[in-house]
Every structure is written in structure tokens, then in C-alpha cells.
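Let me begin by presenting the structure, written as C-alpha cells, before commenting on it.
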Protein chains: 2
Amino acid sequence: MSSEALAKAAGVKSTQLRKDLTYFGQFGTRGLGYDVDQLAHMISDLLGTNSLQPVVLIGVGNLGLALLSYKGFAAEGFEIVGAFDVDTKRRREKPLTTPLYDMSQMENVVQARQVKMAILTVPASAAQEVANRLVAVGITGILNFSPIVLTVPEDVVVNNVNLAIELENLSYFVQH
Amino acid sequence: MSSEALAKAAGVKSTQLRKDLTYFGQFGTRGLGYDVDQLAHMISDLLGTNSLQPVVLIGVGNLGLALLSYKGFAAEGFEIVGAFDVDTKRRREKPLTTPLYDMSQMENVVQARQVKMAILTVPASAAQEVANRLVAVGITGILNFSPIVLTVPEDVVVNNVNLAIELENLSYFVQH
DNA sequence: ATATGTGAATAGGTTCACAGCC
DNA sequence: GGCTGTGAACCTATTCACATAT
């Protein structure tokens, strides 16, 4: 498959795609294009999603619950090995397939399963404190849905997803 | 409040914050800083969130359902005036506060309420077709949660949120 | 004294243009 | 002939440095 065709599918320009790939090596054949299977395998390797990646989720409110049933994570090689909340008894519609633990068990599970990544869907007021506990027990990547700026050591990566900001961004462009 | 303090709260550098603000005017007082209330009002005006913005949500699966109960949207000046799904009878735990309509009603509601923005949480296979219908009836901003690249006219803005990619991104940095 | 506003300098990212290889 | 890989050119965004205002 040519970089042109791949780029169209990804929504970027073909030169961008080629330049980006070369940061990791040379994977194409001149005159021919790229072997899609080989490329997919290389990228999975790079992302570390060839082996199933354990992830924990903290905060089983509306959003946390939705993410637990979101099939996209499993499809991309992630397994939520545990969900944690201060209230494990709240009634929930569907029986969860993910084990639900009390917050006090967080450290145990993270250490036992050697988890490195956490999805943080707790209220803003609790986010920093939970983040501190996660970092202390070995988490080095946090996907943060709380609308606050987390303070973490520099070897810890935080990815922020702020749904209200996404809508505000859209709102701006719709107005102008 | 100084740009220094505002910048710390936002997680950016103070020069960045000042430069960005000046693209829209001069709002600070030298030697003193910024009036926070006035600044907040100016930004809301700019984003169009001072008046309540009507939004529709298409696709009431797990993720759509979570977004319907997400309080952050209302807090930032958005009102989901209608949710649409092919199956309006599926049993749901909580009674929704948002009216749930059949997909066939989408055009009616969007036109009646003069809606300009849509949250798209349908399966990937349906996303492009639904987007076409939304654009045809006057939507000019789409917050797309489907993992596909939508094709829309250039006067329509699409913001993509791909949760699996966010985790993959994190996974990369955790590995390296 | 303190903190903004901004031109100039720097850094970072994207696109071009084409040599190199199949 | 077709398509990759890549230095060079270009464009955009961030940071610096300081004149300006209170």
C-alpha cells in the first residue's frame, strides 16, 4: 500500500506519514509502498500493545463506568485489570466484567499486576491525591479525565482528556 | 491576578498565556495583572458559552450514555437538547434527563432548536452516514468519538476524540 | 517596583523537491 | 514508471528580552 493511500485513511498528507515513519526506520519499498501487516506489527511493537497491557481505572462514576464497557481498549491491546472506587456497593445496571475493588486495594493490585498505566476518572477534588498514590506505587502513565493540572514527577507522563474543552473548542469555531 | 499565577493554574508558561491573550485584545493592567472575572467573561463571550449552547448527541451506547450524565458540559454552558439512537427502548438504569428520540427525529430537532453542534458516539460503521445527515441539516461542528476520519465540507469543523489512541500514546512513553 | 504587551530570536513541525531504489 | 526516503525550504508556535504602563 502506498503512503498516499495510508495517508488518506489516516487523514494526513503522504509526506507527513513517510517522514514520521522514517523516525523509526525504513519500512517501505521504493516503487511499491508499504507492507501493511509488517507496518502494523512494527507500530504495535513500538507502542507496546503486542503483549496485553494491564491498566487500572480509578473512579467508577458515569464516565468511569462507560470506559469500563468501552470495547475499544481491549481491541487495541489493553486490559483493565481492576477498577477502584470509594463506593463499591453503588448499584450498577450491568454486572461488570472488570473486578471492582475498594480504593484501599489500589496499591495491592497495581503492585501485584505490575501495572504501569492508570485511567483517572475521579472528581477534580480527589484527582491530585489519587495521582500521588498512583505514582508512589509505580504508575508512570496517567490518562487524566479530571479538569485539573496534575503535578507529577517528570518521569511520569500525563495525558489529559477534557471533554468540556473539546466542546468549547468546537463552539469557538462554530461561532466564527 | 498575574499571568504568572494564571499560567501555573493552566499548566503553561506565563509568556505563552500573555501572547495568546493579546491575539484577542489587551485585558491586563501593567504592574497589576488581570481581572479574573472580566477575563472569564471575555473568554466565555469568545467561546459563545455565555448564552446556553444547544447540542445534540447521536448514539446512546455506553459512551453516549456516560456523556449524557456528564455534568461538565452543563457547567461550561452547553445543553444537550436531545439524544438520538436507533433503539430508543433499550432499558437504561437511570431515567435520563435528556429527551431520547428515534434517529428519524434528528433532523426535526436540529432544525427546530437551531442546533449547530453535535456529539457523535455511534459505531464507526454508522459515523460517516450520520455525519452526512447532520451536515445536511445545518450542523457545523462535530465532536467525533468514532475512530474514523470523517469527510465533511470545509466549513464544518470536526474535533476527534479517540480514547484508544490516548492510551496508546501513553503506552509508548511508558515503554520508552 | 511590578507586571503587561510585543518585536525579535529561537525552536519545532510540515511541506517541497528530487535523488535513489525497486 | 512509480514510490520511498530525506535534505532544504518554509511555515507556525514558543520563548526571550525589554520598552511601556501603573
Side-chain angles (χ1 to χ4, degrees), chain A residues 1-47 149-152 154-155 157-162 165-166 168-173 175-176, chain B residues 1-47 144 149-152 154-162 165-166 168-173 175-176:
Chain A
M1 199 167 183
S2 70
S3 61
E4 194 67 51
L6 288 166
K8 183 166 287 181
V12 298
K13 290 218 158 59
S14 65
T15 47
Q16 174 97 266
L17 190 139
R18 292 204 301 278
K19 172 79 77 180
D20 287 356
L21 285 177
T22 58
Y23 287 120
F24 300 105
Q26 300 187 181
F27 305 102
T29 312
R30 292 173 196 224
L32 249 170
Y34 296 87
D35 179 315
V36 173
D37 285 345
Q38 180 196 301
L39 201 57
H41 191 270
M42 179 281 283
I43 293 172
S44 281
D45 259 3
L46 212 55
L47 294 176
V149 177
L150 293 177
T151 303
V152 297
E154 62 174 324
D155 59 324
V157 181
V158 176
N159 258 224
N160 295 299
V161 177
N162 188 321
I165 286 183
E166 297 290 337
E168 285 168 353
N169 184 359
L170 211 55
S171 178
Y172 175 78
F173 286 106
Q175 307 273 312
H176 300 88
Chain B
M1 199 168 183
S2 70
S3 62
E4 195 67 51
L6 288 166
K8 184 166 287 182
V12 299
K13 291 217 158 58
S14 65
T15 48
Q16 175 97 263
L17 189 138
R18 292 204 302 278
K19 171 89 60 190
D20 287 358
L21 285 178
T22 58
Y23 286 120
F24 300 105
Q26 299 188 179
F27 305 101
T29 311
R30 295 175 194 221
L32 250 169
Y34 297 87
D35 178 316
V36 173
D37 286 344
Q38 178 196 302
L39 200 58
H41 190 270
M42 179 282 284
I43 293 172
S44 281
D45 258 3
L46 212 55
L47 295 175
N144 175 40
V149 177
L150 294 178
T151 302
V152 296
E154 62 175 324
D155 58 324
V156 175
V157 181
V158 177
N159 257 224
N160 295 299
V161 177
N162 189 321
I165 286 183
E166 298 290 336
E168 285 169 352
N169 184 359
L170 211 56
S171 178
Y172 175 79
F173 287 106
Q175 307 272 311
H176 300 88

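Residue numbers begin at 1 in each chain, while the letters A, B, ... track the order of the sequences.
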Can you find a pair of side-chain heavy atoms, one from Asp45(B) and one from Met42(B), that are under 4.5 Å apart?
no

Does a side-chain N or O of Gln26(A) approach OP1 or OP2 of dC21(C) to a distance below 4.0 Å, or not? no

Practice problem: Mark yes or no for whether Ser44(A), through its side chain, and His41(A), through its backbone, hold a donor-acceptor pair below 3.5 Å. | Solution: no

When every non-hydrogen atom of Leu46(B) is compared with those of His176(A), the smallest separation belongs to O-CE1, 3.0 Å

Per atom distances to the Ser2(A) side chain, the nearest of dC22(C), dT6(D), dT4(D) is dT4(D)

Heavy-atom distance under 4.5 Å between the side chains of Leu150(B) and Val156(B), does that happen here? no

On a heavy-atom basis, the closest approach of Leu6(A) and Tyr34(A) is CD1-CD1, 3.9 Å

Atom CD of Glu4(A) and atom P of dG1(D) are separated, to the nearest Å, by 19 Å

### Query
Do any side-chain nitrogens or oxygens of Tyr34(A) fall under 4.0 Å of OP1 or OP2 in dC22(C)?
no

Between the protein and nucleotides 10-19 of chain C, which nitrogen or oxygen pairs are less than 3.5 angstrom apart?
residue : atom : partner  : partner atom : Å
dT14(C) : OP2  : Gln16(A) : OE1          : 3.1

Keeping Ser14(A) on the side-chain end and Ala7(A) on the backbone end, is there a donor-acceptor pair under 3.5 Å? no

note: Leu21(B), atom CG; dT4(C), atom P; distance rounded to Å ~ 10 Å

Per nearest nucleotide of DNA chain C, the residue lying toward the 5' end, Leu32(A) or Gly28(B), is Gly28(B)

Whole-Å distance, Leu6(B) CG to dA3(C) C1', equals 12 Å

